[in-house]
Amino acid sequence: MPDGAPPVEIWTDGACSGNPGVGGWAALLRFGQAEKLISGSAEQTTNNRMELMAALEALRALKRASRVVLTTDSVYLKDGIVLWLPNWKSRGWKTAAKQPVKNQDLWQALDSLAQDHEIEWRWTKGHAGQAENERVDRQARLEVQQLKRGER
């Protein structure tokens, strides 16, 4: 990772109509003046899976090891990656209650990709006027609507 290079800024969000139901995710990546908005959807999913997919796909979009500031409005995503993941791994992917970790496939993929980068995980309050968060929220909800209308 180049010293002194500005970080890649990423904002992520997920949405779901029904839980489980039709879901969408979106991520905005910014490096200097360059921006890229990526998004996708799934037929039968949960909001938490869409939050994880947004972060996972954002990291997959990076072409090299990078310093990253990733901002999410999902406490599940932020606390999961920062606080809970090390314990899940040490317990063989079991929760403190000895239950299998939900969304283990996505957590494992996210953990693997995160190893390639220096990531600062940040939380922001959703629907509070933070411009980039509002933008990815709109895109994730648009993905849901397009899938429901058969446009995806």
Side-chain angles (χ1 to χ4, degrees), residues 7-31 34-89 91-95 99-152:
V8 176
E9 297 175 284
I10 299 174
W11 292 267
T12 64
D13 203 8
C16 216
S17 180
N19 203 21
V22 175
W25 61 266
L28 175 64
L29 295 85
R30 182 181 295 149
F31 183 73
E35 283 189 356
K36 183 175 187 177
L37 182 65
I38 60 174
S39 59
S41 58
E43 286 280 342
Q44 198 57 10
T45 190
T46 64
N47 190 68
N48 284 342
R49 285 189 72 79
M50 293 294 90
E51 296 284 359
L52 291 169
M53 281 300 298
L56 184 59
E57 294 300 331
L59 294 179
R60 281 186 179 143
L62 298 174
K63 296 186 177 9
R64 66 183 65 84
S66 303
R67 284 189 325 118
V68 174
V69 175
L70 192 149
T71 303
T72 178
D73 64 4
S74 170
V75 172
Y76 175 73
L77 171 58
K78 188 198 177 263
D79 285 355
I81 199 81
V82 172
L83 301 175
W84 308 332
L85 188 84
N87 293 325
W88 291 338
K89 288 167 65 173
R91 289 192 292 258
W93 292 96
K94 300 282 188 206
T95 66
Q99 297 301 308
V101 171
K102 290 181 182 174
N103 304 310
Q104 179 180 335
D105 58 332
L106 297 180
W107 284 115
Q108 287 176 323
L110 189 57
D111 180 43
S112 178
L113 273 174
Q115 302 306 311
D116 296 336
H117 308 284
E118 181 184 313
I119 305 174
E120 178 183 337
W121 297 88
R122 292 184 182 172
W123 178 84
T124 188
K125 184 174 173 59
H127 312 287
Q130 200 279 329
E132 291 85 359
N133 178 256
E134 296 292 340
R135 187 170 167 193
V136 291
D137 176 67
R138 280 191 305 275
Q139 185 63 36
R141 288 186 287 113
L142 179 62
E143 286 287 340
V144 169
Q145 294 309 312
Q146 288 176 333
L147 186 58
K148 286 173 116 178
R149 291 192 303 257
E151 298 170 11
R152 287 268 181 233

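Residue numbers count from 1 along this sequence. Bear in mind the structure is a predicted one, so any value in this text is a computation, not a measurement.
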*Asks:* Go through the steps to decide whether Ile119 and Ile10 satisfy the test side-chain contact (heavy atoms from CB on, under 4.5 Å), and finish with yes or no.
*Replies:* CA-CA 10 Å; Ile119 305 174; Ile10 299 174; over 6 Å; no

*Asks:* Between Ser66 (side chain only) and Val68 (backbone N and O only), is there a donor and an acceptor less than 3.5 Å apart?
*Replies:*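 A pair under 3.5 Å: no.
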
*Asks:* When rounded to the nearest 0.5 angstrom, what is the spacing between CG in Leu52 and NZ in Lys102?
*Replies:* 13.0 Å

*Asks:* If you take all heavy atoms of Ala55 and Leu77, which pair is closest and at what distance?
*Replies:*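 Closest approach of Ala55 to Leu77, heavy atoms only: CB-CD2, 3.8 Å.
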
*Asks:* What side-chain hydrogen bond (donor to acceptor under 3.5 Å, both in side chains) pairs are there with at least one residue in residues 8-23, not counting sequence neighbours?
*Replies:*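 Matches after skipping sequence neighbours: Ser17-Lys148.
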
*Asks:* Identify all side-chain donor-acceptor contacts of residues 39-48 below 3.5 Å with residues at least two apart in sequence or on another chain.
*Replies:*
from: Ser39; atom 1: OG; to: Gln139; atom 2: NE2; distance (Å): 3.1
from: Ser39; atom 1: OG; to: Glu143; atom 2: OE2; distance (Å): 2.6
from: Thr46; atom 1: OG1; to: Arg49; atom 2: N; distance (Å): 3.1

*Asks:* Tell me the closest heavy-atom pair linking Leu85 and Trp93, and the distance in Å.
*Replies:* CD1-CH2, 3.5 Å

*Asks:* Given 3.5 Å as the limit, does a donor-acceptor pair link the side chain of Glu35 with the main chain of Arg30, or not?
*Replies:*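 No, the answer is negative, given that no donor and acceptor are paired below the 3.5 Å cut-off.
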
*Asks:* Could you walk me through whether Val144 and Met50 pass the side-chain contact (heavy atoms from CB on, under 4.5 Å) test, one step at a time?
*Replies:* CA-CA 11 Å; Val144 169; Met50 293 294 90; over 6 Å; no

*Asks:* For the CD atom of Gln104 and the CG atom of Asp111, what is their distance to the nearest 0.5 Å?
*Replies:*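 Those atoms lie 11.0 Å apart.
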
*Asks:* For Ala54 and Ala26, which heavy atoms make the closest approach, and how far apart are they?
*Replies:* CB-O, 3.4 Å

*Asks:* Of all the heavy-atom pairs spanning Asp73 and Asn133, show the shortest one and how long it is.
*Replies:* OD2-ND2, 3.4 Å

*Asks:* Give a yes or no answer on whether the side chain of Glu51 reaches the backbone of Gly14 with a donor-acceptor pair at less than 3.5 Å.
*Replies:*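 Yes; judged by distance alone, with no hydrogens or angles, the pair exists.
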
*Asks:* Can you measure from CZ (Arg91) to CH2 (Trp84) and round to the nearest 0.5 angstrom?
*Replies:*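 Output value for this atom pair is 11.5 Å.
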
*Asks:* What is the minimum heavy-atom distance between Arg141 and Ala15, and which atoms define it?
*Replies:* CG-CB, 3.9 Å

*Asks:* Indicate the atoms forming the closest heavy-atom contact of Trp121 with Ile81, along with that distance.
*Replies:*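 For Trp121 versus Ile81, the nearest heavy atoms are CD2-CG2, 3.5 Å.
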
*Asks:* So how far is it from Lys78 NZ to Leu83 CG, rounded to the nearest 0.5 Å?
*Replies:* 6.5 Å

*Asks:* How many angstroms lie between NZ in Lys89 and CG in Asn87, if you round to the nearest 0.5 Å?
*Replies:*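 Taking NZ in Lys89 and CG in Asn87, the distance rounds to 11.0 Å.
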
*Asks:* One thing to verify: whether Arg135 and Glu132 come together as a salt bridge, which I'm taking to mean a side-chain N less than 4.0 angstrom from a carboxylate O.
*Replies:* no

*Asks:* Output the distance between atom CH2 (Trp123) and atom CG (Asp79), rounded to the nearest 0.5 Å.
*Replies:*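 Here the rounded value is 10.0 Å.
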
*Asks:* Are Trp25 and Val136 close enough, and set up right, to give a side-chain contact (heavy atoms from CB on, under 4.5 Å), and what steps lead you there?
*Replies:* CA-CA 8 Å; Trp25 61 266; Val136 291; over 6 Å; no

*Asks:* Determine whether Tyr76 and Asn103 satisfy the following criterion, side-chain contact (heavy atoms from CB on, under 4.5 Å), listing intermediate values before the conclusion.
*Replies:* CA-CA 11 Å; Tyr76 175 73; Asn103 304 310; 2.9 Å; yes

